[in-house]
Amino acid sequence: MLAIDPVVLFFVLGVAAGLARAELRLPAAIYDFVSAILLLSIGLKGGMQLATQPVGNLLGDVALVLLLGVLLPLVAFPVLRFAGRLPRADAASLAAHYGSVSVGTFAVAISYATRQGIPYEEYMPLFVVLLEVPAILVGILLARGVSRTTRWGPLAHELFLGKSIVLLLGGLAIGWAAGPAGLEPIAPLFFDLFKGVLALFLLEMGLIASAQLAGALRHGLFLVAFGLVAPLAFSVVGIGFGVLMGLSPGGVMLLAVLAASASYIAAPAAMRTAVPEANPAISLTASLAITFPFNILVGIPLYHRLTELLLNG
Amino acid sequence: MLAIDPVVLFFVLGVAAGLARAELRLPAAIYDFVSAILLLSIGLKGGMQLATQPVGNLLGDVALVLLLGVLLPLVAFPVLRFAGRLPRADAASLAAHYGSVSVGTFAVAISYATRQGIPYEEYMPLFVVLLEVPAILVGILLARGVSRTTRWGPLAHELFLGKSIVLLLGGLAIGWAAGPAGLEPIAPLFFDLFKGVLALFLLEMGLIASAQLAGALRHGLFLVAFGLVAPLAFSVVGIGFGVLMGLSPGGVMLLAVLAASASYIAAPAAMRTAVPEANPAISLTASLAITFPFNILVGIPLYHRLTELLLNG
Amino acid sequence: MLAIDPVVLFFVLGVAAGLARAELRLPAAIYDFVSAILLLSIGLKGGMQLATQPVGNLLGDVALVLLLGVLLPLVAFPVLRFAGRLPRADAASLAAHYGSVSVGTFAVAISYATRQGIPYEEYMPLFVVLLEVPAILVGILLARGVSRTTRWGPLAHELFLGKSIVLLLGGLAIGWAAGPAGLEPIAPLFFDLFKGVLALFLLEMGLIASAQLAGALRHGLFLVAFGLVAPLAFSVVGIGFGVLMGLSPGGVMLLAVLAASASYIAAPAAMRTAVPEANPAISLTASLAITFPFNILVGIPLYHRLTELLLNG
Amino acid sequence: MERHVRRLLTVITEASLERSLVSDLKEFGARGYTITDARGQGHRGKRALEWEHSGNIRLEVICDAALADRLAAHLRERYYDHYAMILFVQDVEVLRPEKF
Amino acid sequence: MERHVRRLLTVITEASLERSLVSDLKEFGARGYTITDARGQGHRGKRALEWEHSGNIRLEVICDAALADRLAAHLRERYYDHYAMILFVQDVEVLRPEKF
Amino acid sequence: MERHVRRLLTVITEASLERSLVSDLKEFGARGYTITDARGQGHRGKRALEWEHSGNIRLEVICDAALADRLAAHLRERYYDHYAMILFVQDVEVLRPEKF
Ligand SMILES: Nc1ncnc2c1ncn2[C@@H]1O[C@H](COP(=O)(O)O)[C@@H](O)[C@H]1O
Ligand SMILES: Nc1ncnc2c1ncn2[C@@H]1O[C@H](COP(=O)(O)O)[C@@H](O)[C@H]1O
Ligand SMILES: Nc1ncnc2c1ncn2[C@@H]1O[C@H](COP(=O)(O)O)[C@@H](O)[C@H]1O
Ligand code: NA
Ligand code: NA
Ligand code: NA
């Protein structure tokens, strides 16, 4: 078996085409379509399993996951502010991006787990939803304190009504209500096509990431280093939390991936609204052009190993 | 089994997201794509079965269905004009909308029938095509009489060459020519994905309908009442015609759904061209924000019951 | 079994709808989406088989295919220039279009081969890539000689980094790397849906071709004749090369189709850049509105017969 | 480089009128036009680009002053009462007056 | 046909500001607006239309001179420091001044 | 609020020229540009947005009068003979002249 997951090769193709400035554009409408299907698929799959789960068991996990989301940006911020000498706003914004999560990375990790035959708690998509928002809130507070001028209305809107939350939560709810039997008629689209759609999504992400790559070095070596080291460090924190929660090895690995991943959709949108003085290019370049490729090309198998090592060690 | 068809939950998700003004936009290109696949699927399925049907048997049915399409707007108009005190143009336009049909509603009804294991005449899509136009013609005549100033050229174009007619008829023709064996290679896209694509379509329709909902009450309670009562009344007429045509119970139910459904694509376009003085918001709000949700959430199971009651009663 | 492949009926539907000026538009985003999936599918399928092929065996074939790509425009040019009395630039541009290939036509030919149960060398998509560029280069040289003013930079870009080359080659590479087992998880999208997606693509091509049809006669009868006779003549050359390469009958037929097909994507883009004085409407009308329909409606079965005749005769 | 002044007429209206407007333009003798898809809001409510003909188009025609006047008058008379539509006119400088 | 001069304010800025700008317009009393999607480049780098809010919008408002001034001042103060944005103003002739 | 007059150059042409035009703009020293997708009709026939490069783009550049002149002359010389293209120029008022 090829070491690398074939879907990841589509990402490589996208990056290569982008760097070569090939005449390959996938219009934004296709991005919207493909990402909506992915988000719904992930939500539906998670929701389907949630139904079989006693809610009581999950409450502790939910609390821990929220704590993880608060902790990660608090760890990242001082490093960025003092070691990286970034302006307060930029440090806070980066902290928010890295504390939050990337659903695309999670999708690749799921594909990896399936491919390797690694079982995991199927309700993990719930954690994706839970991890998306807290870090962004912490980032905003880090940037501006509990300022009176922050307009929380539009912000809450941005945070809780963004595309990924709505489609993931919507999918979870529908999956939960319908159950496996109820979802069967829509399985051909949402489950059978999942990996193919993920391949198209990664092709598109490759094109998009390549456009950011040019800027990566312009922002200095520190940013590049941070984009590579932060996910590693965070994955270990994720493993720790996974163990605390008593997850299966597969679940621990996926939580490590979530901790290691950086947001490139929800966080940019929210920080643009709440902390406009932060330079959006810095955070996006780091999360999209450095951390995302690192995670899907190298990180996921690495966190898998790390999980095995730490669980058995 | 969950009482409600899971695809309908996607509609609910769309409405909820729309009302909450969530950051969820599915671009028009996706709407076009998804609705084209639905129309072709429905057409192909119908056409495939048409081949096995002696044409002679259908002629009577065709005549009755056309009659139904003429009758419904003639019933609706006086109610709207006199009970509703609507201006002539608006009453005629609404009558045209409610006399014509909604393919989206029909698709949900098919999904319902499949889910409940209810057999029906597979060539029903032919009736969708037949029901689309007559009511619109009647509506135009009601609005302007046989006026000399009506430009019938562009109008005929609008009526017979609209997207839904072309794709439904095209699908019917291809399905009829190719037959079940010929369609097999394209079945994975047009048949296996049908319900998944329908789910995406309903998500989009939910977003669109929610944008109209705001206007619903502005147009007065009469409109809301009409949007709820007309489908009920028309479904009974539909049942009557179904019985007259000797359809199976499933077929009767589907004809009831067609009668009860209101057009939100063909009729608006045609009335805008032929009767521009009618306020397009009134008809669209009623058919899209009141009747469509009512039919797919409540109406279809209701018409099913009603059909059972009337057939066995 | 219906004589005609049902996917071709979608093309006929598109042409009919276009000529009737029906309200049927598939937005460019959908065209991009559908054609990207087709290109990737074809590439993946070819690449998958390439892995099983000793590279040495292919080298001779590669050379012959490149020769074919150089030869065809050299044959076409004098005919167009002297028999057709076309200006040098237009003759060269047409020669480039007809020497190059149409992936859409190839896709229909694959669909035909599958339907008829005709086996062929599965790595044929490699030849599509190889045939795309040489004729265009020859066409440019025919138009301007080895002129100093030709800006080869942007041109090479246009030629080797166009959408079809990148996606076909990308697909080939991924298919080759992943192999049949590796591609299994993405097979539902890229392989099972192939014919359905092809049907949608042909519907769209029908709409596009119909818009060009109006112009076909305006450019004179010679152009129409050329658009019908050139593919016939070229198919025979293709058969000859196929026999020389020792391909299976199915492979010979597909090479005949490739030789007979005319480019409507890569060549127009490249000639617009390199030979702007050529009238783009002439080449596009011929290849898209005359030769493409001819090939998929009549040509493919004809070349099949021709191959059988010449191979057994 | 010599400049010539022409009129730029911009019309923002319902997408469903496109075919009709284009045939009007031809009838009146306009030599060309440009259309972009748009969304917006005015007296007749919000018009988004979400589905079917729910959006607007933004139509531009460059022509001489007389034709601009005639077109504007025609559009006002034929469409203003029943359709969402605004129009405005500006002077623009062009290089090749014979084209417009 | 009588003509009336109004001001056309055109703003080109980040797509993510759409909601915010539209609510500003309402607050200031504009009677309408038109938006098209755009891409471009300026001091804050390239903005394409590839995904999420990576593109620009091109917003047009026709209004009287006073409102155009107030809007321009507001936009400058509120957004110029942190967002990719340019704006420009022109005179245009309209037919029905009461609409703007 | 002080206003400064600059020139707005609008070019409507074949979508396939986008890359080439953008590199011309850089070469000539323009500080920015904005592009929207468009369709239309002119002397070289109808251009729709249906597939590949079948549509138009509408390119806007705000700059000083000298640059606008040089750009217009360059475009005319380089593209007019073989490509579908029109261009027109207007005065516009801007707030921050240093940006253009
Ligand atoms: N004051 C305005 N400024 C810019 N665009 C406007 C204005 N008023 C209306 N529009 C545009 O013109 C369309 C039709 O306007 P109306 O007929 O007022 O609904 C609207 O949907 C807007 O796109
Ligand atoms: N000189 C210019 N001409 C035309 N459009 C411009 C110009 N400068 C900036 N823009 C547009 O305005 C947006 C924001 O500009 P900026 O704030 O300079 O990055 C850019 O993305 C362009 O779309
Ligand atoms: N008179 C005009 N008014 C507005 N747009 C025009 C006009 N003439 C041409 N155009 C636009 O410019 C493009 C190129 O024009 P042409 O070179 O005349 O074919 C056309 O496709 C139209 O989009
Ligand atoms: Na994270
Ligand atoms: Na009805
Ligand atoms: Na060829």
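Proteins get letters first, then strands, A, B, ... in listed order; numbering begins at 1 in each.
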Note: vs chain A, highest number of non-hydrogen pairs under 4.5 angstrom among B:Val7, B:Leu200, B:Thr114 is B:Leu200

Residue from A:Leu167, A:Leu40, A:Leu161 scoring the most non-hydrogen pairs under 4.5 Å with chain B is A:Leu161

task: For A:Ser283 and A:Ser93, run side-chain hydrogen bond (donor to acceptor under 3.5 Å, both in side chains): C-alpha distance rounded to whole Å, both residues' side-chain angles, the deciding distance at 0.1 Å, then the answer.
output: CA-CA 7 Å; A:Ser283 302; A:Ser93 175; 3.0 Å; yes

Using a strict 4.0 Å threshold on nitrogen-to-oxygen distance, state whether A:Arg144 and A:Glu277 make a salt bridge. yes

When the 4.5 angstrom heavy-atom criterion is applied to B:Leu203 and chain A, the contacting part is side chain

Assert top hit (heavy-atom pairs under 4.5 Å, partner chain A, pool B:Ala20, B:Ala16, B:Ala17) equals B:Ala20

Applying a strict 4.5 Å limit to non-hydrogen atoms, the region of A:Ala29 in contact with chain B is both

Report yes or no: is the cationic atom of B:Lys195 (NZ for Lys, CZ for Arg) closer than 6.0 Å to the six-membered ring centre of A:Phe190, at no more than 45° off its axis? no

Is any side-chain heavy atom of A:Phe10 closer than 4.5 Å to one of A:Phe201?
no

Whatever's closer than 4.5 Å to a heavy atom in chain A on B:Ala199 counts as side chain

Turns out that what part of A:Leu39 lies under 4.5 Å from chain B's heavy atoms comes down to neither

Applying a strict 4.5 Å limit to non-hydrogen atoms, the region of A:Glu184 in contact with chain B is neither

When the 4.5 angstrom heavy-atom criterion is applied to A:Ile37 and chain B, the contacting part is side chain

Most heavy-atom pairs under 4.5 Å with chain A, out of B:Ala22, B:Ala28, B:Ser111, belong to B:Ala22

> Where the side chain of A:Glu122 meets the backbone of A:Leu50, is there a donor-acceptor pair that is under 3.5 Å apart?
Replying inline: no

Only residue of A:Leu66, A:Leu72, A:Val101 satisfying side-chain contact (heavy atoms from CB on, under 4.5 Å) with A:Leu131 is A:Val101

Main-chain N/O of A:Glu132 paired to A:Ser100 side chain as donor or acceptor, under 3.5 Å: yes

- Message: For A:Tyr264 together with A:His97, are the ring centres under 6.0 Å from each other?
- Response: no

So, the part of B:Val12 with a heavy atom under 4.5 Å from chain A: the answer is neither

